[in-house]
Amino acid sequence: MPVQNLAVDVVTTTGDTTVADAARTMRDEELGDLVVAENDRPVGIVTDRDVALAVAEHEDLAALTVADIMTTDPITIHEDATATELPATMAEGRVRRIPVVDDDARLVGIATLDDVVATTGEMLKDVATVIEGQSREYEPEA
């Protein structure tokens, strides 16, 4: 299964967005991240954790922008990469969220660790169904 099947719509922002506005967007959209994009290409990512750390580290938050706290040059994954490459790429980069890009490095979505876990759970459920159907001694609990 290609990563593009796991990717969800991505919400973007710009580097000059204030941290307060970014935090409001994350709250309103119920997200843990915003991808910072220029010309439809990911140039950074800001997470709810980045915002929380900024509150602890900066006294004047009013002038603080996303560019001040974002991770620049985020790890990305190609939309045609396999679903098994996704968690490996996450582990290698020690990240929970990865922007998904096309052949021109344009942003097409975002894949998260939650997507990996949910998909793995669905696959295991299918495997359990096969095992249950082929096991003569298996009797599901009521």
Side-chain angles (χ1 to χ4, degrees), residues 1-135 138-142:
M1 170 188 317
V3 169
Q4 67 188 17
N5 292 3
L6 296 176
V8 297
D9 290 339
V10 62
V11 177
T12 63
T13 191
T14 60
D16 61 354
T17 301
T18 66
V19 170
D21 284 343
R24 279 190 282 279
T25 299
M26 284 189 248
R27 178 199 62 204
D28 295 347
E29 298 289 334
E30 298 180 352
L31 298 170
D33 64 87
L34 297 172
V35 174
V36 183
E38 291 178 9
N39 300 316
D40 297 325
R41 290 177 172 82
V43 296
I45 190 165
V46 62
T47 67
D48 47 5
R49 184 174 189 275
D50 295 326
V51 173
L53 293 174
V55 169
E57 295 172 1
H58 299 276
E59 291 186 26
D60 181 17
L61 297 176
L64 203 59
T65 67
V66 167
D68 296 324
I69 67 168
M70 72 181 187
T71 299
T72 58
D73 194 26
I75 294 169
T76 62
I77 193 164
H78 191 272
E79 64 187 345
D80 291 336
T82 66
T84 55
E85 290 175 84
L86 181 59
T89 303
M90 289 177 167
E92 184 178 306
R94 296 183 178 213
V95 296
R96 299 172 45 104
R97 302 163 175 102
I98 297 184
V100 180
V101 297
D102 65 12
D103 289 335
D104 297 320
R106 292 191 188 280
L107 192 58
V108 297
I110 191 160
T112 68
L113 188 58
D114 292 349
D115 301 322
V116 171
V117 171
T119 301
T120 302
E122 290 173 19
M123 290 189 301
L124 288 175
K125 201 174 184 183
D126 292 340
V127 168
T129 299
V130 170
I131 291 169
E132 291 168 6
Q134 293 182 353
S135 176
Y138 177 79
E139 292 183 30
E141 294 182 27

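Nothing fancy with the numbering, it's 1 onward along the sequence. All values below come from the heavy atoms of this structure, side chains included, with hydrogens, waters and symmetry mates left out.
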Can you find a pair of side-chain heavy atoms, one from [X] and one from [Y], that are under 4.5 Å apart?
{"X": "L86", "Y": "L6", "answer": "yes"}
{"X": "T76", "Y": "P42", "answer": "yes"}
{"X": "T17", "Y": "T65", "answer": "no"}
{"X": "M70", "Y": "I45", "answer": "no"}
{"X": "V3", "Y": "H78", "answer": "no"}
{"X": "V11", "Y": "V35", "answer": "no"}
{"X": "T12", "Y": "L107", "answer": "yes"}
{"X": "V101", "Y": "V108", "answer": "no"}

What closest approach, in Å, do [X] and [Y] show between heavy atoms, and which atom pair accounts for it?
{"X": "L61", "Y": "A54", "result": "CD2-O, 3.6 Å"}
{"X": "P87", "Y": "A83", "result": "CD-O, 3.0 Å"}
{"X": "V51", "Y": "A23", "result": "CG1-CB, 4.1 Å"}

- Message: What verdict does the side-chain contact (heavy atoms from CB on, under 4.5 Å) test give for D33 and D48, after you've listed the backbone C-alpha separation in whole Å, the side-chain angles of each residue and the deciding distance to 0.1 Å?
- Response: CA-CA 6 Å; D33 64 87; D48 47 5; over 6 Å; no
- Between T25 and D28, does a side chain to side chain donor-acceptor pair (under 3.5 Å) hold up when you go through it step by step? CA-CA 5 Å; T25 299; D28 295 347; 5.9 Å; no
Taking [Y]'s backbone N and O only, do any of them form a donor-acceptor pair with [X]'s side chain (distance below 3.5 Å, no angle check)?
{"X": "R97", "Y": "L34", "answer": "no"}
{"X": "D102", "Y": "D104", "answer": "yes"}
{"X": "T71", "Y": "P74", "answer": "no"}
{"X": "E29", "Y": "M26", "answer": "no"}

- side-chain contact (heavy atoms from CB on, under 4.5 Å) assessment of D16 paired with V66: CA-CA 6 Å; D16 61 354; V66 167; over 6 Å; no
- Could you give me the CA-CA distance, side-chain angles and deciding distance for R41 and R106, then say whether side-chain contact (heavy atoms from CB on, under 4.5 Å) is met? CA-CA 5 Å; R41 290 177 172 82; R106 292 191 188 280; 3.3 Å; yes
- Exceeds 12 heavy-atom contacts within 6.0 angstrom, atom CD of E57: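 Yes, because the 6.0 Å sphere around CD of E57 holds more than 12 heavy atoms from other groups.
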- Item | Pair E85-T82, side chain to side chain donor-acceptor pair (under 3.5 Å): steps then yes or no | CA-CA 5 Å; E85 290 175 84; T82 66; 3.1 Å; yes
- Task: Report the C-alpha separation of H58 and D68 in whole Å, then their side-chain angles, then the decisive distance to 0.1 Å, and conclude whether the side chain to side chain donor-acceptor pair (under 3.5 Å) test is met.
- Result: CA-CA 11 Å; H58 299 276; D68 296 324; over 6 Å; no
- Apply side-chain contact (heavy atoms from CB on, under 4.5 Å) to the pair L64 and T18, showing each step before the final yes or no. CA-CA 6 Å; L64 203 59; T18 66; over 6 Å; no
- Query: Quick one: CD1 on I77 to CD1 on I110, what's the gap to the nearest 0.5 Å?
  - Reply: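 So the CD1 of I77 and the CD1 of I110 are separated by 12.0 Å.
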